[in-house]
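Report on the structure given below.
Letters A, B, ... are given to chains in the order of the sequence lines, protein chains preceding strands, and every chain is numbered from 1.
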Amino acid sequence: MDSYIVLIISCIFINNILLMQYLGNCPFLGVSKRMDTAFGMSMAVVFVIVMAGAVTWVVNYYILKPYDLEYLRTLSFILVIASLVQLVEMFLKKNIPALYAGLGIYLPLITTNCAVLGVCLINMKEEYDFLHTLVSSLSYSVGYGLALILFAAIRERILLARVPKPLQDTSIGLVTAGMFSLAFFGFKGMIH
Amino acid sequence: MIEGLLVMGGLGAILGLGLAIASKVFYVYVDPRIEAVEELLPGANCGGCGYPGCSANAEAIVKGESSPSSCVAASQEVIQQIAEIVGAKLELKEPEVAKPNCKYGVYEADRKYIYDGVRDCRAAILINGGEKECPIGCLGLGTCVKACPFGALSIGPDRLPVVNTEKCTGCGTCERVCPKGIIKLSSNSLAIVHEYTTDECTAPCQRACPAGIDIPAYIRAIREGDYAEALIIIKRSNPFPAVCGRICVHPCEYACRRNLIDEPVAINPLKRFVTDWEREKGMHVQVPRAPEREERIAVIGGGVEGLSAAYLLNRLGYNTKVHEATSKLGGLLWIGLPENRLPREVIEWDIKGILEAGVQVELNKMLGKDISVGSLFKEGYNAVLIATGGWDMKLYLSELVPDGFNPLPGVYLLIDLVRRKEIPIGSNCLIIGGGRSSLEAAKICKERGAKNVYILFRSSKQDSPIREEDLEKGVSVLFQTALTKMMGRDDKLEQVEVCEITEEGKEKEGSRRNIEIDTVIVGAGRFPELIYVRKDENSWETISPYAGPNVEQEVGIFRPGEAISDYKAAVEAIGSGRRMAASLYNYFRGLPVEPPSNMIRKDTEVLDVREVVNVRPVPRVKMAERSKDELINNPSLEISLGYTESEAREEAKRCLQCGLICYRKEKLN
């Protein structure tokens with residue numbers, strides 16, 4: 001049990017995928033201007049990463065490993081994740097239109113997101129079993145959502161501030177993201 | 001090596017095949033037209049159409065719930081293309097643009113404090129309503145500029161929003177985002193039907209004008225030399241500027257803030273000046289017309305009021321025709337005023353302008369004799385406006401009027417009844433007002449065979465001049481009640497709707513009821529302004545045009561003061577003509593026929609100033625007059641000669657361009 005709690009805390013805070021590992025930074029700056037889009041994106045990311053984590057685990061241990069093809073991991077994962085997201089999108093459109101309307105526009109955005117691929121590869125590198133893979137995928141994506149929503153909250157306030165012309169928009173966004181990341185360094189050393 | 005190729009190739013093939021199958025299994029039919037329409041829409045997601053975004057509107061357009069022209073940002077060609085895709089009939093839309101309604105920026109206006117917080121009006125307003133003294137002043141922090149999806153707004157050097165009318169699409173995003181409601185959409189139609197409200201910046205002169213002309217705006221246009229624009233501003237409220245520029249009683253000049261330091265601005269002579277300019281040019285300046293609408297409207301009465309209503313309805317896009325009883329348009333203008341104050345060619349000039357705009361006319365057609373409300377509906381009109389004028393007009397027409405003449409279906413004047421004229425009395429009579437003479441009218445009605453007679457009083461039982469013992473059998477008195485609607489078929493009145501009114505003169509809610517009535521006797525000197533609208537084939541009902549700011553009682557028709565125009569001056573008739581047009585416009589658009597609830601009325605407290613500082617006294621420019629010798633030789637020549645262009649520009653500079661509490665201050669030291 002303890003191992004799960006440690007895993008959850010380290011994935012959300014200490015090894016936060018966005019702020020400590022710097023993966024998935026393009027949507028981090030792209031969709032963080034408004035709270036509602038940031039929230040929609042976060043939900044979509046949680047959904048996709050958990051699904052992708054489970055499927056890639058199966059692909060890794062039942063297809064790649066038996067044939068000693070682990071050097072093809074990155075390539076095959078990209079293929080699997082991209083197809084998976086497509087499939088999920090179609091499924092939602094047909095069967096759960098309400099969820100599709102909510103997540104729909106963000107799903108294609110994360111088809112090739114490095115955070116998704118990154119989490120899957122980390123899961124394999126750490127050689128987690130299936131349950132640990134699921135928990136770690138969920139925690140990483142929650143950490144992603146947390147960072148994105150917090151950042152959107154900050155940017156909504158920046159919008160009202162008088163920012164000098166050369167620093168407006170993405171520039172001040174990057175500066176803020178850097179400080180935000182520094183703040184997360186404070187979690188280092190929380191678990192020995 | 002081979003294994004790698006096989007696994008990757010196999011994986012790709014399986015996944016590809018899976019997706020191909022899934023796309024069939026999970027296929028959702030999407031109307032291709034939705035995508036095509038969405039492609040054409042601008043994609044700004046401004047919400048001006050009333051839907052959350054362009055794709056939502058595209059779907060609504062294809063479903064037929066929204067019009068192809070609902071997109072405010074799309075160009076005419078795009079709208080045309082969309083209409084072709086969905087095969088819908090195109091209804092044209094009048095372009096609207098954002099119009100900020102604040103005249104002085106924060107640096108010039110009086111301030112309560114200096115604000116240095118978050119640069120957003122929505123934040124600034126939290127601190128005691130913003131830094132300006134004026135509660136409806138623009139804070140100038142550019143919330144609207146940031147919100148505008150088309151980049152059409154900017155903040156000018158005086159910290160007031162400036163609209164780039166080329167870029168503005170009239171989506172209304174700025175209107176929705178402004179916390180003070182300062183920026184509003186505007187068009188010629190909206191300007192015509194506008195009433196001044198407490199939440200907008202108005203000058204004392206425009207509040208005093210019975211026609212509601214935007215006086216500071218036209219004087220500014222004169223100062224800037226844009227006389228055509230000045231004429232358009234005037235004609236949106238008053239299609240008789242040349243006449244009014246000479247004979248108006250100008251309540252505006254008594255209200256002018258310059259009275260506090262020297263003399264009022266020559267508001268009316270300046271109006272005359274622009275019409276002199278128009279006449280010299282020989283071409284009428286017209287208010288741009290809104291896109292054609294289907295409804296046809298008959299206006300009864302070719303006097304000032306009827307012509308004003310017909311002109312403005314024409315500008316609102318309706319097809320209007322004036323029916324005049326005599327052989328001449330203009331009514332009392334020809335009789336009541338001497339030629340040396342109002343030369344006859346000036347009357348002709350204004351009337352010619354109205355006719356050139358497209359108002360049709362039929363002369364020598366008297367309502368009740370040659371035509372009737374029923375016959376007009378049979379001709380295909382959707383509404384009939386009654387603007388038959390005051391009692392003086394009735395006297396003037398008395399030779400043409402046959403005995404027992406009634407223009408309105410089932411409505412007669414009490415005076416005609418007691419003078420024993422041949423008035424056909426039905427079985428159910430309603431007598432309105434008339435004090436104790438209503439009792440005599442009730443008696444006559446009974447004599448002539450009426451079964452039920454009702455007498456309607458607005459006052460309470462104690463205040464009325466009637467006592468129980470006066471009443472005959474079969475006569476009932478309804479106290480604190482007003483007539484709100486008449487309903488009928490062809491030329492027959494069938495029913496009326498009445499409601500109770502409270503002590504404060506407001507309508508008591510839920511008290512409306514219908515009574516079977518075929519004859520209405522009105523204890524007044526004239527017929528009021530009324531609008532008959534067609535309901536279906538032959539049946540009709542009346543709507544009562546809303547009253548202007550000076551009326552004390554608002555509920556119902558046949559109210560005290562009798563009519564929405566007064567007997568005082570032409571400008572009053574013009575104002576009520578405009579209000580009739582606005583009432584009908586509201587009715588056709590499905591809006592309630594009433595003025596805005598916060599319209600500035602006679603007793604509304606409006607923020608104002610008691611003294612004027614930092615303004616140098618400048619005497620009013622005197623208008624030249626014809627020499628005595630000339631006038632003695634030909635007394636019908638016009639006495640005053642009008643301003644020259646330089647005099648008019650000089651006089652226009654005296655205008656303080658007032659707002660509620662702001663005005664143009666000079667740097668005196």
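A:Lys93 NZ: 12 or fewer foreign heavy atoms inside a 6.0 Å radius. A 6.0 Å sphere centred on CZ of B:Arg176 holds more than 12 heavy atoms belonging to other residues, nucleotides or ligands. Heavy atoms from other residues, nucleotides or ligands lying under 6.0 Å from NZ of B:Lys665 number more than 12. Heavy-atom neighbours of A:Met179 CE from other residues, nucleotides or ligands within 6.0 Å: at or below the threshold of 12. Atom CD of B:Glu39 has 12 or fewer neighbouring heavy atoms from other residues, nucleotides or ligands inside a 6.0 Å radius. Within 6.0 Å of OH on A:Tyr62 lie no more than 12 heavy atoms contributed by other residues, nucleotides or ligands. Enclosure of atom OH in B:Tyr113 by more than 12 non-hydrogen atoms of other residues, nucleotides or ligands within 6.0 angstrom is indicated.
In this structure, A:Ile63 and B:Leu11 approach most closely via the heavy-atom pair CD1-CD1, 4.0 Å. Heavy-atom minimum distance, B:Gly117 versus A:Arg162: O-NH2, 4.1 Å. Residues A:Ser83 and B:Leu19 share a closest heavy-atom pair of O-CD2, 3.6 Å. When all heavy atoms are compared, the tightest approach of A:Leu159 to B:Lys146 is O-NZ, 4.3 Å.
Judged as a side-chain hydrogen bond (donor to acceptor under 3.5 Å, both in side chains), and not counting sequence neighbours, the contacts of B:Asn57 are B:Ser66, B:Ser70.
When heavy atoms are compared at a cutoff of 4.5 Å, A:Leu84 does not approach chain B at all. Proximity to chain A involves both the backbone and the side chain of B:Ser23, based on heavy atoms less than 4.5 angstrom apart.
You'll find the side chain of A:Leu72 stays beyond 4.5 Å of the side chain of B:Val7, heavy atoms only.
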CA sep, side-chain torsions, deciding dist, call: A:Met90, B:Val25, side-chain contact (heavy atoms from CB on, under 4.5 Å): CA-CA 9 Å; A:Met90 283 184 221; B:Val25 174; over 6 Å; no

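The distance from the CZ atom of B:Phe26 to the CG atom of A:Leu87 is 6.0 Å, given to the nearest 0.5 Å. Taking CD1 of A:Ile81 as the reference point, atom CG of B:Leu15 lies at 11.5 Å (rounded to 0.5 Å).
No other option in A:Val80, A:Leu75, A:Leu69 has as many heavy-atom pairs under 4.5 Å with chain B as A:Leu69.
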